[in-house]
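Following: one structure in structure tokens, then a few remarks.
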Amino acid sequence: MVTAALRTEPAPATPRQADPLGLSIRGVSHQFDLDGGILPVLDDVSLDAAPGEFVALLGPSGCGKSTLLRLVAGLDRPTRGEVLGDGQAITAPHPSRVVVFQDPTLYPWRTVWRNVSLGLEAQGILSRERGRVEAALNLVGLGAFAKAYPHQLSGGMAQRVALARALVNDPRLLVLDEPLGKLDSLTRLQMQSELVSLWQRAGFTALLVTHDVEEALFMADRVIVFSDRPARVAADVRVDLPHPRHRGDLRFGELRRLILGHLGLEATW
Amino acid sequence: MTDILADAPGREADFAAALKDLSFTGILAASAFAAAAAFSLIWDDVGDWGRTREFALILAGVAAGLFLASVLAPWHAGLAAKVTHRAPWALALGLFFAAWEITTAKFNILPQPFFPPPQAIFEVFTDDFAKLGASILASVKLHATGYAIGAVAGFLLGVSIGWSRAVGYWAHPILRFVGPLPATAWLPIAFFVFPTSHSASVFLIALATAFPTTVLTWSGIAAVPSAYYDIARTLGANSRFLVLKVAIPAALPHVFVGLFMGLGSSFAVLVVAELLGVKAGLGWYLQWAQGWASYANMYAALLVMTVLCSTLMTILFRLRDRVLSWQKGIVKW
Ligand SMILES: Nc1ncnc2c1ncn2[C@@H]1O[C@H](COP(=O)(O)OP(=O)(O)OP(=O)(O)O)[C@@H](O)[C@H]1O
Ligand SMILES: [Mg+2]
């Protein structure tokens, strides 16, 4: 049953150049009820993302990163604490805060084009804004696959469609849950640069979950390192490097060693 | 043709093989039909059947067609594929008709009148077409009305139960309690409660269709992954969009399973209703024929029913293939 979770704030017409959202997570704890017990997942997490900032979240698998993103998206409410967007409590999903989930989850009955146009259709602005669909598809390099069905795509292509489906909405906050996880390493590097330049152009606030320390350092202004479950903020590292960044930089290497240290992996360096 | 022969020697061997193979089974099938036609014409019927000559001519026509197709096949790739594929079945049918003809009309091996010869059934179609045609029309109309009502009602009910907790609360126990009862069990009461036997039958057919459609639609809606809703909601979908553009399309494969099951049970109810109460339709024709002990008419009605049910199945499969063309590997009918 889904009736309980159907509130959605009314969607305004999306501006071309989104004015970025300031995100503030204050003392958030979250737990799940498993049969017979409670599973604490987030433990007093506080962090802020200034409007237009690019924040990366790093942490061990299963520590609660995706859970935190669901709270930010407004899909779930935290057990304790509050999640604020521009100072207002986030209580329901809104198309200005778009999530690219870990799993691409395309609708198998819709073509790639109709998957990407989903947000515009849901907001009732598709007929005016059709051009944006093609632009988003070209951006992820899938312009030629507009008429394909999801089962005809590779895993990486599906993930790029999911990215296009998010970008087409010109979000004020873009939440990315390991969006490049299934891409081959070449496409991955290319998409990292694309995303950074897109972020610089469109100016949205970005929240990126990744397992890849280099990816976090290459893209983000700040890297937040989480502890094991229940997740707490273990470190908050500012990446004081201008874009475009170079992986061979001295400072890049220092930061990587620092972060691996926070993850308890300094021995691998 | 010349360039085929002029080509590589392998090609030539292929060609010879194809020629031999194709003509063999195809021509055998043609001979079987020709034999059936010959038996019909040469020997006298043991009974009094009026259309033996016409029937024999049709068998001869089929034989000629098969022969022509088999002979021409090697020169036409598309035809060759068809002939190769169908020749074994054609042969079996030809032998069947020949055997049927011999064991019934000619040598009376199978007891008459319980096993009428093919020309007797053919005769029903030519000489009793007015009544048979009217019965077909009545059955088709009755079934179409009942099935359409049942399918639409079942679909709407299934969606409501799957979507709304309140509807589910009230409908679920009723559905669990009443649903599994075969619709035919309601028949005596329905004939008594409804003003006409026709409206009672429409109700029963609709009931038989609605139950599986409801349950499968409901389970389809319930099985929609919650991630589908999460995606749409973060992109600004309202609940109307979630029902119409997410839940229903995602549930459609289940809905079609329900529609198929409903089609099967609606056939059963249709026939029973027509056998027991309605004064029209194929079931009634069957009943009427039994009253006169005219077995040929009964077989003819059964044949028509078979063709109708199978056609409706095919139509539903076609519809599903169109609507669910996005699915890979759907079952072919
Ligand atoms: N709906 C739920 N019900 C119960 N437990 C859940 C639910 N969602 C997540 N969990 C649990 O919460 C913990 C954190 O899950 P989460 O998906 O947030 O991890 P993650 O940090 O994103 O991991 P990964 O990097 O592997 O994706 C896991 O132990 C998981 O089993
Ligand atoms: Mg995760």
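Quantities reported herein were computed from a predicted structural model and do not represent experimental measurements. Order of the sequence lines sets the chain letters (A, B, ...), proteins ahead of strands, with each chain counted from 1.
- No donor-acceptor contact under 3.5 angstrom links the side chains of Ser61(A) and His211(A), judged on distance only.
- Residue contact with chain B, scored on non-hydrogen atoms closer than 4.5 Å, involves the backbone and the side chain of Arg165(A) alike.
- Interface summary for chain A: among Leu252(B), Thr234(B), Val224(B), Ile221(B), the most heavy-atom pairs under 4.5 angstrom belong to Thr234(B).
- Arg110(A) and Glu121(A) are joined by a salt bridge, as a carboxylate oxygen and a charged side-chain nitrogen come within less than 4.0 angstrom of each other.
- With a 4.5 Å cut-off on non-hydrogen atoms, Tyr228(B) touches chain A through its backbone and its side chain both.
- Put simply, of Tyr107(A), Phe101(A), Tyr149(A), the one with the most heavy-atom pairs under 4.5 Å next to chain B is Tyr107(A).
- Interface remark: Ala247(B) contributes no atoms to any contact with chain A (heavy atom separation under 4.5 Å).
- Ring geometry for Phe256(B) versus Phe260(B): interplanar angle of 30 to 60°, hence tilted.
- Using a 4.0 Å cut-off between charged nitrogen and carboxylate oxygen, Glu178(A) and Lys65(A) do not count as a salt-bridge pair.
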*asked:* Please determine whether side-chain contact (heavy atoms from CB on, under 4.5 Å) holds for the pair Leu142(B) and Ser139(B), giving the CA-CA distance in whole Å, both sets of side-chain angles, and the decisive distance to 0.1 Å.
replied: CA-CA 5 Å; Leu142(B) 176 59; Ser139(B) 282; 5.8 Å; no
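- Of the atoms belonging to Val246(B), heavy atoms from both backbone and side chain fall under 4.5 Å from chain A.
- Between chain B and the residues Ser96(A), Pro108(A), Ala73(A), the most heavy-atom pairs under 4.5 angstrom are made by Pro108(A).
- The environment of CD in Gln31(A) is crowded: more than 12 heavy-atom neighbours from other residues, nucleotides or ligands sit within 6.0 Å.
- Contact of Ala222(B) with chain A is not made at all, since no heavy-atom distance falls under 4.5 Å.
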